Amino acid sequence: MLNVKRVVLRSRPGKNGHPVPENFRVEEIRKSPELKEGQVLVRTLYLSVDPYMRCRMNDDTGADYLLPWRLDECVDGGGVGIVEASKNQALSVGTIVTSFNWHWQTYDVMDGSLLQKVDPEMVDGHLSYALGAVGMPGLTAFLGVREKGHVTAGAHQTMVISGAAGACGSVAGQIARLDGCERVVGICGSDQKCQTLVTELGFTAGINYRNGDISSALREQCPRGIDIYFDNVGGPISDAVISQMNPGGHVILCGQISQYNKDVPYPPPLSEDTQEALLRNNITRERFIVLNYMEKFEEGLMQLSHWVKMGQIKVLETVVNGIENMGEAFCSMMTGGNVGKQVVKISD
């Protein structure tokens with residue numbers, strides 16, 4: 001029998017409530033490592049915490065493709081691990097694997113058909129990148145820009161990214177630059193993050209939304225208006241950006257993290273002024289769901305891998321150690337405590 005540590009959902013945040021680490025509980029269980037045909041025993045190396053998980057803490061996620069986490073049951077999300085024992089012909093011992101539905105526990109017995117192999121070469125030797133820049137956040141950035149952004153090299157376009165220092169936004173801004181945007185402006189929550197966007201990731205400018213008048217800052221940094229908006233946060237920040245968008249512009253509606261703690265539908269309703277601006281200026285604003293483009297995942301991962309290995313995309317990570325810190329890492333990420341992708345290292 002194996003001693004396994006796992007994280008279960010202890011309680012749900014109150015209505016319109018912010019998640020707290022106490023919503024989670026770490027417990028130790030004994031688990032049989034016995035395998036059936038097709039199964040593997042995996043040891044968890046890294047686990048991911050992501051903004052969409054806040055929706056899974058509710059009774060109703062508000063999205064038909066997301067199931068709520070169940071109270072007193074082990075929670076799940078993106079994970080990377082190594083096969084320790086196998087009864088699956090396709091997955092030998094020592095193979096690195098990943099899944100979008102990885103239980104938050106130190107070991108697990110999993111159906112091999114639900115796992116994807118990770119080639120360490122693809123992630124430049126950094127296995128955690130499979131949860132970030134060469135994983136779902138990277139794909140979200142890549143396909144969001146490519147499918148909804150309508151970037152045209154040489155067209156002197158300006159793209160604004162909110163949540164720009166996060167896992168998705170930090171990659172999206174770099175892709176916008178690589179694809180030919182003339183100006184790439186990121187919005188985030190600290191002066192230090194703004195500096196990182198410019199000096200390390202090649203953004204044209206960073207705007208700290210906590211510094212007061214965001215509309216004035218946008219006018220200063222986007223003198224020709226805004227053509228494309230990669231929206232990760234929603235709320236008043238998005239209202240300010242959309243009010244300065246050029247006719248025929250495009251909103252990539254990726255996330256609304258500022259609204260996730262509120263009891264509102266997704267996407268949340270817009271103010272009348274913002275709805276009027278979208279209509280008046282013929283601005284497209286279509287909900288973007290990366291899972292609708294699964295046939296393009298392989299191509300996207302190959303491109304992201306190439307950019308990362310060539311140093312054309314720089315990867316930022318915030319790494320916390322230990323499964324006992326999953327709740328802390330999740331809540332910190334939800335309040336902007338991370339720079340780049342937030343991951344938790346579970347074992348070596």
Side-chain angles (χ1 to χ4, degrees), residues 12-20 23 49-58 60-63 66 137 140-141 144 148 159-173 185-194 197 203 206-218 221-222 226 228-245 251-275 277-278 283 285-290 318 329-342:
R12 302 191 189 279
K15 191 173 183 179
N16 294 335
H18 290 261
V20 292
N23 292 134
V49 291
D50 302 278
Y52 80 88
M53 293 174 172
R54 174 62 186 85
C55 305
R56 299 193 69 189
M57 296 184 79
N58 299 334
D60 181 356
T61 65
L66 279 182
T140 302
K148 300 290 187 183
M159 184 186 290
V160 171
I161 300 105
S162 55
C168 179
S170 61
V171 175
V185 178
I187 302 172
C188 54
S190 76
D191 291 341
Q192 184 178 0
K193 286 182 179 180
C194 289
L197 294 181
F203 281 58
I207 295 172
N208 180 357
Y209 69 84
R210 301 183 199 272
N211 277 352
D213 187 357
I214 190 170
S215 294
S216 294
L218 284 166
Q221 299 298 344
C222 308
I226 298 161
I228 307 157
Y229 174 40
F230 199 111
D231 185 4
N232 287 307
V233 305
I237 289 174
S238 292
D239 291 338
V241 175
I242 291 169
S243 72
Q244 295 186 36
M245 289 187 72
V251 177
I252 305 164
L253 179 53
C254 182
Q256 302 278 278
I257 190 171
S258 73
Q259 307 298 297
Y260 287 169
N261 292 322
K262 299 178 182 178
D263 188 19
V264 294
Y266 186 89
L270 296 170
S271 69
E272 284 188 19
D273 286 348
T274 299
Q275 290 182 61
L278 291 170
I283 297 167
R285 180 181 179 268
E286 299 169 337
R287 185 176 179 184
F288 172 71
I289 302 172
V290 70
T318 300
F330 172 73
C331 295
S332 173
M333 178 273 307
M334 286 295 296
T335 55
N338 58 303
V339 177
K341 173 65 187 170
Q342 175 78 67

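No hydrogens, no waters, no symmetry mates; every other heavy atom, side chains included, goes into these values. A quick note: this is a predicted structure, and the numbers were derived from the prediction, not measured.
By the salt bridge (charged side-chain N to carboxylate O under 4.0 Å, His left out) test, R210 pairs with no residue at all, sequence neighbours left out. Residues satisfying the salt bridge (charged side-chain N to carboxylate O under 4.0 Å, His left out) criterion with D50, sequence neighbours excluded, are K341. Partners of F288 under the ring pair (Phe, Tyr, Trp, His ring centres under 6.0 Å) rule, at least two apart in sequence or in another chain, are Y293. Partners of F230 by ring pair (Phe, Tyr, Trp, His ring centres under 6.0 Å), not counting sequence neighbours: none found. Evaluation of the salt bridge (charged side-chain N to carboxylate O under 4.0 Å, His left out) rule for K193 yields no partner, not counting sequence neighbours.
To the nearest 0.5 angstrom, C331 atom SG is 10.5 Å from Q342 atom CD. A distance of 6.5 Å separates CG of D231 from CD1 of I242, quoted to the nearest 0.5 Å. In this structure, I226 CD1 and Q244 CD are separated by 5.0 Å, a value rounded to the nearest 0.5 Å.
Looking only at side-chain heavy atoms (C-beta outward), I187 and V241 come within less than 4.5 Å of each other. Side-chain contact between Y229 and S162: present, with at least one pair of heavy atoms (C-beta onward) separated by less than 4.5 Å. For the pair N232 and I161, the minimum side-chain heavy-atom distance is below 4.5 Å. Side chains of V251 and M245 form a contact here, defined as non-hydrogen atoms less than 4.5 Å apart. For the pair I237/S258, no side-chain contact is recorded, criterion being any heavy-atom separation below 4.5 Å from C-beta on. Contact annotation: the side chain of C188 approaches that of L197 to within less than 4.5 Å [non-hydrogen atoms, C-beta and beyond].
Few gaps surround CD on Q275; more than 12 heavy atoms of other groups in view lie less than 6.0 Å from it.
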When you look at S238 and T274, which way does the side chain to side chain contact (heavy atoms under 4.5 Å, CB included) test go after all the steps?
CA-CA 9 Å; S238 292; T274 299; over 6 Å; no
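Note on residues 329-339: no pairs pass salt bridge (charged side-chain N to carboxylate O under 4.0 Å, His left out), not counting sequence neighbours.
Between the side chains of Y52 and T61, no donor N or O sits under 3.5 Å from an acceptor N or O.
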